Structure formats: C-alpha cells, structure tokens
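Below: the structure, in structure tokens.
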Amino acid sequence: MSGEGQGAAARPSVLPFAAVSLFYFGFAGLFGTYAPLWFQSLGYSTFAIGALTSLQSATRLFAPYAWGWSTDHSGRREMLLRIAVTGALVASLGFFVASAYAWIAVVCSVLFLCTAGVVPISEASLAHHVTSEGRIDITRYGRVRLWGSLGFIAAVATSGFVLQAVDVERFPLLGSGLLALLVVAAFRLPVTRDATHAQLPAEGALTVLREPVVAWFFTGTFLTVLAHTSLYAFYSLYLSSLGYGKGAIGLLWSVGVLVEVAWFALQGRWIHLLPVHGWLVLAAGASALRFAAIAALAGSAVVLIAAQLLHAVTFASQHSACITVITRHFPGRLRGRGQALYTVLGYGASGVIGGVAGGALSERFGFASVFWAASAVSVAAAFSCWRALALECARA
C-alpha cells in the first residue's frame with residue numbers, strides 16, 4: 001500500500017472541510033447572484049458590471065497557481081488558507097468606504113486575489129484526506145462537497161428575500177458576515193502535512209498538461225465553464241429584465257443547487273455508469289440544451305425550472321469528473337498545482353472572456369443572445385470532451 005493509503009486511517013475527520021465549503025460557497029452564491037444587482041443599484045452600466053464580474057476570472061489567470069505552487073512547496077496548506085480567507089474579509093470591508101467605480105474595482109480585485117486561493121488549497125487538502133492508493137473516494141468527497149452546495153442554497157435563497165426587504169444596499173454587510181464565518185471555519189481546520197511532500201520530488205505540472213488527453217480535458221473544461229459564465233454573470237440580470245423578483249430569482253438558483261446537492265450525496269451510486277470522460281461529454285451536451293432553452297423560453301417559469309434541474313449534470317457531475325481526472329493525473333506534490341490549473345484554465349480565462357464578451361453581446365443584442373452563444377460554445381465543449389474520451393479509451 002502506498003504511503004498515501006497507509007496514512008488514511010490516521011487522518012483527522014474531514015468534517016472541518018465541510019464547514020469551509022459551507023461558508024465559502026455560501027459567499028460565492030451570494031456574490032455571484034446579487035453582486036450584479038448591487039452594482040446595478042450603484043448606477044453602473046451592464047458592460048461595467050460585466051467588467052467587474054470578469055475581474056474575478058482575471059485574478060484566476062495567475063493567483064490560483066501562485067497559491068497552489070506555494071502549498072506544494074511548503075506543505076502548509078491550512079496556514080495559507082487562513083491567510084487567504086483573512087485577507088478576503090479585510091478586503092470586503094472596503095465596500096463600506098466608497099462607491100466610486102474605480103474604488104470598487106480595486107476592492108474586488110484584492111478580494112478576488114485572496115478568494116482565488118480558497119478552492120485550490122482546500123480541494124488539494126481535502127483530496128489528500130479522501131484519496132487512498134491513488135484513487136479518490138468519490139462518495140466521501142461528495143458528502144463533503146455537498147455542504148458547499150447547501151451553503152450556496154442557503155445564501156442565495158434567504159439573501160434574496162432579505163435584500164428584497166431591507167434593500168440591495170445591504171449586500172456588503174451580508175458578504176462580510178459570510179467571510180467572517182469562513183475565517184472562523186478555516187482556523188478550525190486541523191494542521192496536517194502531506195507525507196508525499198517529504199517523499200516525492202517536485203515534478204513539472206506543465207509536462208503533465210502537455211499530454212494529449214490532459215490537454216483535451218482542459219480544453220473541454222475551459223469551454224464548458226465559458227458557457228456557464230452566462231449564468232454566473234448574466235442570469236440574474238436577464239431574469240430581472242423579464243420582471244422576475246429577487247425572491248423568485250433566488251428560488252430558481254436554489255432549484256439548480258438542490259439537484260446539485262442530490263448529485264453529490266448520491267454520486268457514488270451513479271458515477272460508475274459512464275467513464276469519467278463520458279460524464280464530461282454528457283455535461284457539455286446537456287449544457288447546450290440548457291442554455292438554448294433559457295435563451296428561447298425564459299418567459300416560462302416551467303422551462304426555467306426544467307433548465308435548472310439540468311444543473312445536476314452540467315455542473316455537479318462535471319465537477320466530480322474533473323476532480324477525478326485531476327487526482328489521477330496530478331498526484332502527490334503536483335496536487336496543489338493540478339487543482340490550481342483547474343481553476344486557472346477552467347475558471348480564469350473563460351470568465352474573463354465570458355464576462356466582457358457577454359456584456360458586449362447583451363448591450364448590443366439583448367441578454368438572450370448571451371445564452372444562445374453559451375449553447376454554441378457547449379457544443380464545442382462536447383467535441384473536446386469526446387476527444388479526451390477517445391484518447392483515454394485508446395490507451396486503456
């Protein structure tokens with residue numbers, strides 16, 4: 001048995017990771033859903049809002065890899081996570097200082113630089129705790145990750161009604177409150193050191209990235225997430241323009257995350273039904289259908305609910321499949337950088353392009369055009385994922 005497997009029994013409980021996931025994704029849900037509406041209340045144009053949203057993705061072009069490199073070389077994941085979340089909390093206090101666009105852009109940039117480290121660090125640390133003999137326990141991982149989805153649901157559903165009652169101007173207070181809870185959770189994580197850090201020499205993550213199956217995998221991931229930028233940046237604005245209230249928007253977001261929770265809780269029963277790259281092909285194909293339905297029939301609440309139900313496939317199964325692929329190709333001291341590459345290549349450039357291009361499209365052709373574009377991008381993603389599947393099957 002590998003050293004990684006031998007240490008499995010001695011590892012502390014993964015429950016503290018559930019708390020980190022709960023509050024981080026609670027903040028992510030709050031910010032992604034209601035920050036565009038808050039920016040709108042400050043008088044910013046749709047294009048300006050898209051640019052602000054894209055700042056998060058811009059920081060993901062380099063910051064996650066810097067955090068991942070630091071954790072791989074120091075082995076001190078929990079300490080670096082605490083630094084990241086504390087910095088995010090301090091940065092969020094800047095929202096209370098002024099509302100000038102330049103100032104808000106600076107505050108968002110610092111905030112995103114800090115939060116960019118949360119996912120690669122916490123996911124790498126969690127993967128260490130739930131991996132044995134080079135294989136990730138996807139059932140155990142899902143039971144931890146679902147708490148992030150629950151945090152997203154709670155933040156999105158309740159915050160919509162809270163902001164409806166007290167006005168969207170209170171958004172910064174809710175954001176800082178969730179980040180304060182995240183800081184508390186991060187300081188409760190057990191301090192551990194990955195045994196593989198001391199045993200294995202550092203390898204080149206970029207060498208792994210050049211493998212054809214890995215390259216096609218990241219291409220498909222990039223395109224799938226690029227398509228989903230339409231949701232993260234423009235879904236709330238689109239529905240608001242059609243007359244949906246903040247509470248209804250929050251509930252629609254919650255429908256998607258409820259099926260996400262169901263997937264993470266039960267994925268151990270289903271994940272074996274397809275090859276891991278097969279799930280990625282299915283997720284991209286379902287995304288094409290989902291975004292086309294939103295573009296064409298957003299006036300129908302029934303269609304919107306049905307489209308949100310597809311979130312179990314387009315996001316949850318896709319995410320679990322991605323984590324499995326990354327764990328397989330980036331073990332040991334490559335783990336932090338593998339998770340960081342997932343963030344950089346999957347959620348970095350895609351978000352920048354999606355935010356800016358989506359803002360330009362929506363101003364010229366309306367919000368529906370953004371979702372038509374997302375559907376087309378999803379088709380390209382499906383092809384890329386199919387190429388990765390074919391290469392993986394060929395070398396099996």
Side-chain angles (χ1 to χ4, degrees), residues 28-61 101 104-105 108-109 111-112 116 156 219-244 246 249 252-253 256 283-284 286-299 303-304 307-308 310-311 314-315 318 343-382 384:
L30 172 74
F31 200 95
T33 307
Y34 299 110
L37 299 179
W38 181 57
F39 295 148
Q40 189 178 59
S41 75
L42 297 178
Y44 304 156
S45 68
T46 302
F47 183 80
I49 293 171
L52 280 176
T53 303
S54 71
L55 285 174
Q56 183 171 25
S57 298
T59 60
R60 285 174 173 171
L61 291 172
Y101 186 80
I104 295 297
C108 286
S109 297
L111 173 65
F112 297 149
V156 170
T219 300
T221 299
F222 164 79
L223 292 170
T224 301
V225 178
L226 175 61
H228 279 72
T229 304
S230 60
L231 283 177
Y232 307 142
F234 302 103
Y235 188 65
S236 297
L237 293 172
Y238 184 27
L239 296 188
S240 179
S241 73
L242 294 175
Y244 291 91
K246 295 182 180 65
I249 293 172
L252 281 167
W253 275 100
S287 296
L289 175 63
R290 179 185 186 185
F291 297 131
I294 293 173
L297 300 166
V303 171
L304 289 178
Q308 289 300 88
L310 286 175
H311 198 66
T314 69
F315 171 75
Q318 192 262 358
T343 303
V344 170
L345 299 177
Y347 291 85
S350 60
V352 173
I353 295 170
V356 175
L361 274 175
S362 64
E363 288 202 335
R364 185 173 179 84
F365 302 109
F367 287 113
S369 66
V370 178
F371 292 89
W372 283 120
S375 181
V377 169
S378 297
V379 173
S384 299

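Every value quoted in this text rests on a predicted model; they were computed, and no experiment measured them.
Nearest heavy atoms, S362 versus S369: N-OG, 4.3 Å. Of all non-hydrogen atoms in S378 and A284, the two that sit nearest each other are CB-O, 3.5 Å. Taking each heavy atom of Y101 and A51 in turn, the nearest pair found is OH-CB, 3.7 Å. Scanning both residues, T219 and S384, for their nearest heavy atoms gives CG2-OG, 3.5 Å. Here the shortest heavy-atom pairing between L361 and A373 reads CD1-CB, 4.0 Å. Across all non-hydrogen atoms, the minimal contact from V370 to S230 is CG1-CB, 3.7 Å.
In this structure, CG on L345 lies 9.0 Å from CG on L61, to the nearest 0.5 angstrom. Note that the OG atom of S350 and the NE2 atom of H228 stand 11.0 Å from one another [nearest 0.5 Å]. In this structure, Y232 OH and T229 OG1 are separated by 7.5 Å, a value rounded to the nearest 0.5 Å. Separating the OG atom in S287 from the CG atom in L226 is a distance of 11.0 Å, to the nearest 0.5 Å. Rounding to the nearest 0.5 angstrom, the gap separating the CG atom in L237 from the CD1 atom in I49 is 5.5 Å. The CD1 atom of I294 sits 14.0 Å away from atom CZ of F234, with the distance rounded to the nearest 0.5 Å.
For Y244, there are no ring pair (Phe, Tyr, Trp, His ring centres under 6.0 Å) partners two or more places apart in sequence or in a different chain.
Listed by first then second residue, pairs satisfying side-chain hydrogen bond (donor to acceptor under 3.5 Å, both in side chains) with a partner in residues 28-48 number zero, not counting sequence neighbours. Here ring pair (Phe, Tyr, Trp, His ring centres under 6.0 Å) pairs that include residues 349-382, with residues two or more places apart or in two chains, are Y238-F371.
A 4.5 Å side-chain heavy-atom check between L231 and F315 finds every atom pair outside the cut-off. The shortest side-chain heavy-atom distance between V377 and T224 does not fall under the 4.5 Å cut-off. Looking only at side-chain heavy atoms (C-beta outward), Y235 and L304 come within less than 4.5 Å of each other. Counting heavy atoms from C-beta on, the side chains of F291 and T314 never come closer than 4.5 Å. Taking 4.5 Å as the limit, every side-chain heavy atom of W253 sits out of range of all side-chain heavy atoms of L239.
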